[in-house]
Amino acid sequence: MLWKTTRFEIDLSTPKVMGIVNVTPDSFSDGNQHANLKSALEHCELLLKQGAHILDIGGESTRPGAQQVSLNEELQRVLPLVKEAMRLNVPLSIDTYKPEVMQAVLDAGADIINDIWALRQPGALSAVAGSQAGLCLMHMHGEPETMQLSPMQGDALAQVRDFLKQRLTDLHSAGVSPARVLLDPGIGFGKSVAQNFSLLARQSELLPLGPLLIGWSRKSSLGAVTGLEVSQRLVPSVVAAVLAAERGASVLRVHDVAETVAALAVWRQTQGG
Ligand code: 7PJ
């Protein structure tokens, strides 16, 4: 199975690791734009050295309760890095839901649009439909500012499956080939701890829809069952990534690339033998 993106056809026959590159003030910023760009690029290079197959660049924190950033601010954070990182010659994914950001990074040649809103913001679907970019469509219940205040009720898996199925139909109507699309149940986005873990336990039920991208890295559900702070969630994150791979995930979105790559190397020895 190949994932068709702008410059690359990504082989999904073994799980791929997507390294997270956050370009937010609390990550690289020291007020100096040049220094920020340089350290963000160095972080990209480090993740690649550690074995990342894809980089996911994001300029707005979408953690529960986080504030939105303006379009201009997001563009200033993301676009210079995307332009520089193009020459690293690896698939570049941009984590954004704003159609103007999508258009700007696609003009710069970006390979993948990763949208927590699954292209539901006005103008987003038309911004990507005519491109060749790979797409990740994520399920989210509610909105980032408020989603943990009223988590979804009932069978999370059935609702996630129905939502993703409907988005695939919508994208098909817009002329987007399914070969460009990965689907994501959206761990942590408006779901209870129990719902997140049931999405992991029953993850394989989503596989008939298409290849999956899964992000458990450092998420609060891992803290809820371990009592560990976000800075201490390396082991739970790596375990969750391996469990997601075991249940058929194609792409794992992680902060801790070296450790995830090592864990997957062990897991892979149990596959196809
Ligand atoms: C996800 C994401 C995820 C996809 C974030 C965080 C919050 N994109 N962007 N899937 N999470 N596709 O990393 O904790 O789970 S931002």
Side-chain angles (χ1 to χ4, degrees), residues 3 5 10 15-24 26-27 47 52-69 74 77-78 91-98 101-102 110-121 124 128 133-145 147-148 156 160 163-164 167 180-191 193 195-197 199-200 203 206 209-224 228-231 233-234 236-238 240-241 243-244 249-257 260:
W3 185 16
T5 75
I10 302 171
K16 294 295 173 280
V17 172
M18 170 184 265
I20 299 170
V21 182
N22 282 322
V23 212
T24 50
D26 42 354
S27 43
L47 296 186
H53 306 100
I54 304 167
L55 297 175
D56 189 40
I57 297 172
E60 172 175 337
S61 172
T62 43
R63 289 192 160 281
Q67 295 293 309
Q68 295 189 6
V69 303
E74 190 178 337
R77 290 177 186 178
V78 163
L92 288 189
S93 161
I94 318 304
D95 188 342
T96 187
Y97 58 82
K98 295 191 179 80
V101 176
M102 294 175 187
D111 299 289
I112 296 160
I113 300 294
N114 170 27
D115 184 0
I116 62 164
W117 278 92
L119 305 173
R120 288 178 295 145
Q121 294 287 335
V128 304
L135 305 168
C136 177
L137 305 179
M138 197 195 78
H139 174 273
M140 169 166 58
H141 172 78
E143 306 191 5
E145 289 86 354
M147 61 193 177
Q148 295 314 126
V160 165
F163 171 83
L164 293 174
R167 287 314 284 153
R180 293 171 54 194
V181 181
L182 259 64
L183 302 171
D184 184 339
I187 299 304
F189 285 82
K191 290 127 188 154
V193 174
Q195 285 170 333
N196 288 319
F197 283 103
L199 288 169
L200 176 57
Q203 186 187 288
L206 297 173
L209 294 180
L212 302 178
L213 185 153
I214 307 284
W216 274 92
S217 193
R218 302 182 186 173
K219 284 193 175 162
S220 64
S221 285
L222 299 173
L228 296 171
E229 294 301 318
V230 63
S231 65
R233 293 181 194 154
L234 169 62
S237 297
V238 170
L243 292 172
S250 293
V251 177
L252 302 157
R253 181 180 178 276
V254 306
H255 299 87
D256 302 293
V257 168
T260 307

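For ligands, and for the atoms within them, numbers begin at 1 and follow the listed sequence. Keep in mind that this is a model prediction, so the values were computed, not measured. Values below: every heavy atom of this structure, side chains too, minus hydrogens, waters and symmetry copies.
- In this structure, F197 has its ring center closer than 6.0 angstrom to the ring center of W216.
- Partner of I113 under the side-chain contact (heavy atoms from CB on, under 4.5 Å) criterion, chosen from V101, V128, D95: V128.
- Enumerated by chain and number, the residues approaching ligand 1 to less than 4.0 Å through a heavy atom are T62, R63, D95, N114, I116, C136, M138, D184, F189, L213, G215, K219, R253.
- Formation of a donor-acceptor pair under 3.5 Å by the D256 side chain with backbone atoms of L234 is not found in this model.
- Between H139 and F163, the ring planes lie perpendicular to each other; the angle is over 60°, past the 30° to 60° tilted range.
- A side-chain contact (heavy atoms from CB on, under 4.5 Å) with I187 is found for one member of N196, L200, L222 and no other, namely N196.
- With T24 contributing its side chain and G59 its backbone, the two residues share no donor-acceptor pair below 3.5 Å.
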